[in-house]
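Labels below follow one simple rule: chain letters A, B, ... track the order of the sequence lines, proteins then strands, and each chain is numbered from 1.
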2 protein chains.
Amino acid sequence: MVTIKDIAEMAKVSKSTVSRVLNNSGYVSEDARMRVEKVVEQTNYTPSQHAKSLRTKKTKIVGVILPTIQTETSSKIVTGLGREFSKLGYEILLANTNLNKEKEFEYLDLLKVRGVDGIVLIATNTEPKLLEKIKEINIPLVMVGQAAEGMMSVTYDDYHASRELTSLLIDKGHERIAFIGVDETDQAVGMRKKGFLQEMAAHQLEVSETWLEKGIFDIDSGYDAMEKILSNSRRSPNKIPTALIAVTDRLAMGAMSYLKKQGMRVPEDMAIAGFGASEFAQYLDPPLTTVDYQNEKAGEEAAIQLINCMHSKNHTEKIVLDYRLIERTSI
Amino acid sequence: MVTIKDIAEMAKVSKSTVSRVLNNSGYVSEDARMRVEKVVEQTNYTPSQHAKSLRTKKTKIVGVILPTIQTETSSKIVTGLGREFSKLGYEILLANTNLNKEKEFEYLDLLKVRGVDGIVLIATNTEPKLLEKIKEINIPLVMVGQAAEGMMSVTYDDYHASRELTSLLIDKGHERIAFIGVDETDQAVGMRKKGFLQEMAAHQLEVSETWLEKGIFDIDSGYDAMEKILSNSRRSPNKIPTALIAVTDRLAMGAMSYLKKQGMRVPEDMAIAGFGASEFAQYLDPPLTTVDYQNEKAGEEAAIQLINCMHSKNHTEKIVLDYRLIERTSI
DNA sequence: CTGTTAGCGCGTTCAA
DNA sequence: TTGAACGCGCTAACAG
């Protein structure tokens, strides 16, 4: 392997001078610079990142912790991150927790040991333990999808999106609307529920407990939740909902699947809407009404924010992204 | 930051001894070991990876080059890779080319500079230039999805899967089958076409040029391709195909979408099948017949193969994974 | 069993 | 404008 020493000898200068031309630091004569550059060219020498990192304490690597890469949300965010980071020569170290919360902690430590310059956390919760740990490792970090006290973050306007979606359903004449949510530790998605409830309340519409179910993030749990809602509602007459909001498109997809199997029509018997603007939402039958959150943009913004922070310290900021309602024939 | 030197002083031993207990190498007295472990515990010291890498020339990082993370195929492979690699303490450095072939070259160089121990290349082609470059950088590398002379690889049995799928369609009475493929530089997917053509030939069935179209990897191009096939076929009577095979589920989805818009029924007017076992395939209307390739398994196998190679050099091997036909009502 | 010594490849003073 | 010398944190020979 060719090292800085070799270059120095070949260019008949010292290692220091080579280092100077490589990093554009300090004075160096035109003559020397030329000789060095020529040799570097010929050998297509590239400095060892290890040695460099050892000296400078910088790695040009950012860690990305995510719950699963197998969702459109995550993969779009990662695409956005990659696009911005690569512009500045940063690379991404992937830390996939596979929805295992403990692994978030492990990875936080691991990334510190690896000496990453910054961390992007695609979070699913904002539990105090996690926030403490983040402060403890003391590395620039930006959360995506969840906001928390004293943390940089890029989030979506879940609350207003949900209110607007609910409002749309009400405008269409629906008064009994069901809702499929997820675990309450996910605050961001929690805001979708809050928005829904408040909009219903604003219209003096009651929400029966039997219309509220929870799923995890997969399609099947949407199927199951829809089944429960229907079977529970049937006990009391006039309690069967005419519309459904699911907090993700996958859940909505599962719910739709159940309805079809039961011979119910969408949207005639049950209107359905989701969140997330899955690429497949428009190819469902009927095409699914949903909310587009611009995930790639979120990734880009997070990257920009993190880079700013890494370059000038303490650039705490909270970015809230806009959303876009996509109305289709499922409602 | 606490270093090995600090630990040595606190435990009243030399750095070497600390290193020995940390790496379980060489002899060390029970007494010394205890003292060191205690101090390590107290300070929760972790060795610097940079310094370690500088010495050992190993990073415990593998690079993963992929064309896009926004497909189920890629994300599942990455999940599989992650699962296996993390068992052995390897981390993944993500290199997303965004379908830009030049970037494959750049990343190959970059990963070398970064000193990764190995590389997984989720390839879309096997062009000679690329293969040369791979040999040039001389780092253990395994290709996923494509095979090539002298390279380790994990691939799918595209050829037989395609023959079997075609055969299934023929058994159902179809004699005019259309085919939506992709660019020919993708050899693996090319085998799907070959399998199709040979199975047709084996049954003495002709394939009209007008039934053969190409898309890129997105849904819209499937839509467009279906449109072309239909409009081209209509010119000659009795040339309208009764079935379609698309090389990916997304293409199939686009094609189905076009047919519906034209008021054609699936499978009555046109049977459709895809490849890839997209999670969404079963929620289409009608559910799509497809081929499951076990992408996560592919990732795992690739990881295992690469690890073996990194540990014992030159472990060249080619793994061909099995497939599974999933018959649904779209045919 | 243990400590001393010598680098790994680089950036960065400090004199010259 | 340049080079010598030092050290980042660690592992590996070698001698004891």
Beyond-backbone contact of [X] with [Y], side-chain heavy atoms, under 4.5 angstrom:
| X | Y | answer |
| --- | --- | --- |
| Ile119(A) | Leu306(A) | no |
| Thr59(B) | His50(A) | yes |
| Met310(B) | Val62(B) | yes |

How close do Ala148(A) and Met143(A) get, counting heavy atoms only, and between which atoms?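 Looking at all heavy atoms of both residues, the closest pair is CB-SD, 4.2 Å.
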Between Lys318(A) and Met151(A), what is the shortest heavy-atom contact and its length?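 In this case the closest contact between Lys318(A) and Met151(A) is NZ-O, 2.6 Å.
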Within the distance-only criterion (no hydrogens, no angle test), does the side chain of Thr43(B) pair as donor or acceptor with the backbone N or O of Val39(B) below 3.5 angstrom?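 Such a contact is found between Thr43(B) side chain and Val39(B) backbone.
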Mind calculating the distance between [atom1] ([X]) and [atom2] ([N]) to the nearest angstrom?
| X | N | atom1 | atom2 | answer |
| --- | --- | --- | --- | --- |
| Gln49(B) | dT11(D) | CD | C1' | 13 Å |
| Ile7(B) | dT11(D) | CD1 | C1' | 16 Å |
| Leu22(A) | dG11(C) | CG | P | 7 Å |
| Lys58(B) | dA12(D) | NZ | P | 11 Å |
| Lys60(B) | dT11(D) | NZ | P | 13 Å |
| Ile4(A) | dG3(D) | CD1 | C1' | 13 Å |
| Asp6(B) | dG9(D) | CG | P | 8 Å |
| Glu30(B) | dT2(C) | CD | P | 10 Å |

Please state whether the base of dG7(C) and the side chain of Arg55(B) form at least one donor-acceptor pair under 3.5 Å?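 Side chain to base: pair found, below 3.5 Å.
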Report yes if a donor N or O on one partner sits less than 3.5 Å from an acceptor N or O on the other, where the partners are the side chain of Arg20(A) and the base of dG3(D); otherwise report no.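 It does, because a donor-acceptor pair links the side chain of Arg20(A) to the base of dG3(D) below 3.5 Å.
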Output the residues of residues 10-17 of chain A in contact with DNA chain D, where contact means a heavy atom of the residue under 4.0 Å from an atom of the strand; sort by number or write none.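 Val13(A), Ser14(A), Ser16(A), Thr17(A), in order of number.
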Check each residue of residues 32-45 of chain B for a non-hydrogen atom within less than 4.0 Å of any atom in DNA chain D, then write out the ones that pass by number, or none.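 Tyr45(B), in order of number.
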Do any side-chain nitrogens or oxygens of [X] fall under 4.0 Å of OP1 or OP2 in [N]?
| X | N | answer |
| --- | --- | --- |
| Ser29(A) | dT2(D) | yes |
| Ser19(B) | dT11(D) | yes |
| Thr3(A) | dG9(C) | no |
| Lys52(A) | dG11(C) | yes |
| Lys57(B) | dG9(C) | yes |

Could you please spell out the steps behind the side-chain contact (heavy atoms from CB on, under 4.5 Å) verdict for Leu94(A) and Glu91(B)? CA-CA 7 Å; Leu94(A) 202 65; Glu91(B) 303 304 321; over 6 Å; no
I'd like to know whether Thr97(A) forms a side-chain contact (heavy atoms from CB on, under 4.5 Å) with Ile65(A), so could you lay out the CA-CA distance, the side-chain angles of the two residues, the decisive distance to 0.1 Å, and finally the verdict. CA-CA 7 Å; Thr97(A) 69; Ile65(A) 303 177; 3.7 Å; yes
Less than 3.5 Å apart, any donor N or O on the side chain of Thr79(A) or Gln70(B) sitting next to an acceptor on the other?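 Present: a donor and an acceptor within the cut-off.
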Between Asp31(B) and His50(A), just flag the one whose closest nucleotide in DNA chain C comes earlier from the 5' side.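 Whichever sits nearer the 5' end wins; that is Asp31(B).
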Are more than 12 heavy atoms from other residues, nucleotides or ligands located less than 6.0 Å from atom NZ of Lys5(B)?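 Count not over threshold, so no.
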Quick one: which of dC8(C), dT1(D), dG11(C) gets closest to the side chain of Leu54(B)?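 Closest of the options to the side chain of Leu54(B): dC8(C).
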